[in-house]
Amino acid sequence: MGIYEELKARGLIAQVTDEDEIRELVNNGKATFYIGFDPTADSLHVGHFMALLLMKRLQAAGNKPIALVGGGTGMIGDPSGRSDMRRMMTVEEIDANCRKFQKQMSRFIEFGPGKAQMVNNADWLRNLNFLDFMREIGPEFSVNEMLRARCYVNRLEKGLSFLEFSYMLMQGYDFYNLYKNYGCNMEFGGDDQWSNMLAGTELIRRKLGKDAYAMTITLLLKHDGTKMGKTSGGAVWLDPEKTSPYDFYQYWRNVDDEDVVGFIRKMTFLPLEEIDEMDKWKGSQLNRAKEILAYELTKLVHGEEEAEKAQDAARSMFGKGIATDIPQTVLKDDDFKDDKIGIIQLLVKAGFATSNGDARRTIQGGGVRVNETQVKDIYAQFDKAELAKNETVLQKGKKNFKKLIVE
RNA sequence: GGAUGGAUUCCCGAGUGGCCAAAGGGGACAGACUGUAAAUCUGCUGGCAUUGCCUUCGAAGGUUCGAAUCCUUCUCCAUCCA
């Protein structure tokens with residue numbers, strides 16, 4: 001079975017421009033492909049992770065990846081599939097985000113001579129001369145066609161600025177440029193990128209009379225069609241500073257029954273036969289599958305050690321024992337008043353409440369426990385010496401734990 | 001440039017002078033039930049404080065005892081015409 005067949009079996013392929021040709025190139029390691037990442041935040045998230053995994057799989061099959069960081073396209077902002085305009089970022093923000101992206105990516109993909117390459121489209125987009133650019137590629141784009149692109153439908157009702165409308169030209173130009181200067185013959189991306197990617201293959205055909213190919217991967221969706229990767233705290237980030245390995249693990253540990261096996265298939269490197277077995281699991285058996293999913297993904301993102309730690313912590317917290325490796329909250333001297341601290345302050349301090357009022361409501365709703373004992377009194381006080389002496393675990397709801405450390 | 005409609009709390013959306021920190025829904029969070037699942041039911045959803053106070057309805061001014069609601073100017077958006 002070639003890599004193409006495997007991708008297909010894992011349910012990763014959404015759309016392709018020319019199936020036979022792509023299969024041929026990819027299975028024989030003859031593809032030089034690129035995937036673009038726009039620096040919209042200061043960390044990669046799960047959506048990007050899907051793309052990075054694809055890169056890894058294809059690289060393992062002998063193909064040459066180019067990771068493109070969008071220091072240029074990020075100046076514009078991709079309107080595809082969005083219902084409103086992105087906030088315009090400053091150049092400084094964009095560049096800072098680009099650096100973070102580059103750093104994170106190099107943990108997943110091997111870069112270097114003969115391996116993967118990293119490029120930044122700021123290098124060729126930022127200094128373009130508007131008129132030259134327009135005269136070079138403007139004639140190759142049909143506004144009529146662009147308006148028909150499905151990724152804009154929302155925006156045609158709600159408003160689409162010319163700035164954003166021009167995004168497609170930039171992405172098309174990227175591909176064209178990479179084709180000419182890097183021998184890149186294929187572009188991959190999320191399924192929402194389809195129109196933008198076709199802009200590139202079209203441009204290459206018209207300008208150079210050559211064929212280039214595009215393939216999209218299925219977006220990671222829940223069975224009800226909503227997007228994955230959002231939590232109460234926002235997105236699920238790959239940066240351990242923004243989403244701790246424990247939280248990352250928990251996120252996957254808690255996916256819907258109906259989604260688990262599909263996610264394992266799409267995102268892990270486990271053999272397909274093993275996954276086919278899991279397809280037969282039912283009911284609470286699926287908890288095992290959820291552990292596998294959470295463990296495997298945490299391992300991929302944060303390494304084996306962190307994955308073990310997260311798993312142990314989760315098992316003991318939800319089993320009986322007291323966990324050792326759960327997130328901590330450090331209490332300093334000035335958090336105490338007369339060597340005491342109130343339960344409300346503790347919750348806020350631990351990040352379990354956004355305000356005192358929020359903390360109060362959570363307590364009154366019965367959602368707070370200290371060492372497994374429910375705290376109902378919003379004025380409950382805790383003694384500094386006691387906290388320092390005995391290990392204390394603060395719990396909000398069923399799944400949020402923090403160990404309290406007195407400094 | 002002209003005409004019309006619009007901007008409300010995380011999102012959608014009601015509210016046209018006091019009873020409005022603002023209906024309803026969604027989402028989020030918490031409780032019950034469970035399998036750390038889903039569905040369901042319940043609570044809760046601006047901030048600070050022990051009755052109360054402070055900030056919020058695109059922005060700035062004004063009218064009024066009192067404004068999300070009325071007036072003026074401005075900004076932004078949509079639709080139609082150019």
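Reminder, nothing fancy here: chain letters follow the sequence lines and each chain counts from 1. Hydrogens, waters and symmetry mates are skipped; everything else that's a heavy atom, side chains included, is used.
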Interatomic distance at C1', B:rC48 relative to B:rA21, whole Å: 14 Å
Rounded distance (Å) that lies between atom P of B:rG31 and atom CZ of A:Arg369: 7 Å
Does the gap between the ring centers of A:Phe101 and A:Phe37 come in under 6.0 Å? no
With both distances under 3.5 angstrom, what nucleotide forms a Watson-Crick or G-U wobble pair with B:rG66? none
Starting from C1' on B:rU50, measure out to CD on A:Gln364 and report it in whole angstrom. 13 Å
Rounded to whole Å, NZ of A:Lys396 lies from P of B:rU36 at a distance of 19 Å
Sub-6.0 Å ring centroid separation between A:Tyr182 and A:Tyr34: no
Below the 4.0 Å mark, does B:rA30 have OP1 or OP2 next to a side-chain nitrogen or oxygen of A:Asn400? yes
Quiz item: cation-pi between A:Lys402 and A:Phe352, 6.0 Å / 45°: yes
Tell which nucleotide pairs with B:rC74, taking only Watson-Crick or G-U wobble pairs whose two distances are both under 3.5 angstrom. B:rG58
Provide a list of protein-nucleic acid N or O atom pairs under 3.5 angstrom, restricted to nucleotides 40-49 of chain B.
unit_1 : atom_1 : unit_2   : atom_2 : d
B:rG47 : OP1    : A:Ser355 : OG     : 2.7
B:rG47 : OP2    : A:Arg361 : NH2    : 3.3
B:rC48 : OP1    : A:Asn356 : N      : 3.1
B:rC48 : OP2    : A:Gly357 : N      : 3.1
B:rA49 : OP2    : A:Asn356 : ND2    : 3.2

Distance-only donor-acceptor check, side chains A:Trp124 and A:Asn181, under 3.5 Å: no
Between B:rU36 (P) and A:Phe318 (CZ): distance, integer Å: 8 Å
Taken to the nearest whole Å, CG/A:Leu286 to C1'/B:rU34 is 14 Å
Ring centroids only, cut at 6.0 angstrom: are A:Phe401 and A:Phe318 within range, meaning strictly under it? yes
Whole-Å gap separating P (B:rG35) and CD1 (A:Ile292): 20 Å
Checking contacts here: which listed nucleotide (B:rU34, B:rU36, B:rG35) is nearest the side-chain heavy atoms of A:Lys398? B:rU34
How many Å lie between OH on A:Tyr251 and C1' on B:rA37, as a whole number? 14 Å
For atom CG of A:Asp256 and atom C1' of B:rU34, their distance in whole Å: 14 Å
It should be established whether A:Lys399 places a side-chain nitrogen or oxygen under 4.0 Å from OP1 or OP2 of nucleotide B:rA37. yes
Quantified in whole Å, what is the P atom distance between nucleotide B:rA60 and nucleotide B:rC53? 24 Å
Out of B:rC29, B:rU50, B:rA37, which nucleotide sits closest to the side chain of A:Tyr379? B:rU50
Would you say the side chains of A:Gln104 and A:Ser43 form a donor-acceptor pair under 3.5 Å? yes
Distance only, no hydrogens: is a donor on one side chain within 3.5 Å (strictly under) of an acceptor on the other, for A:Glu187 and A:Tyr213? no
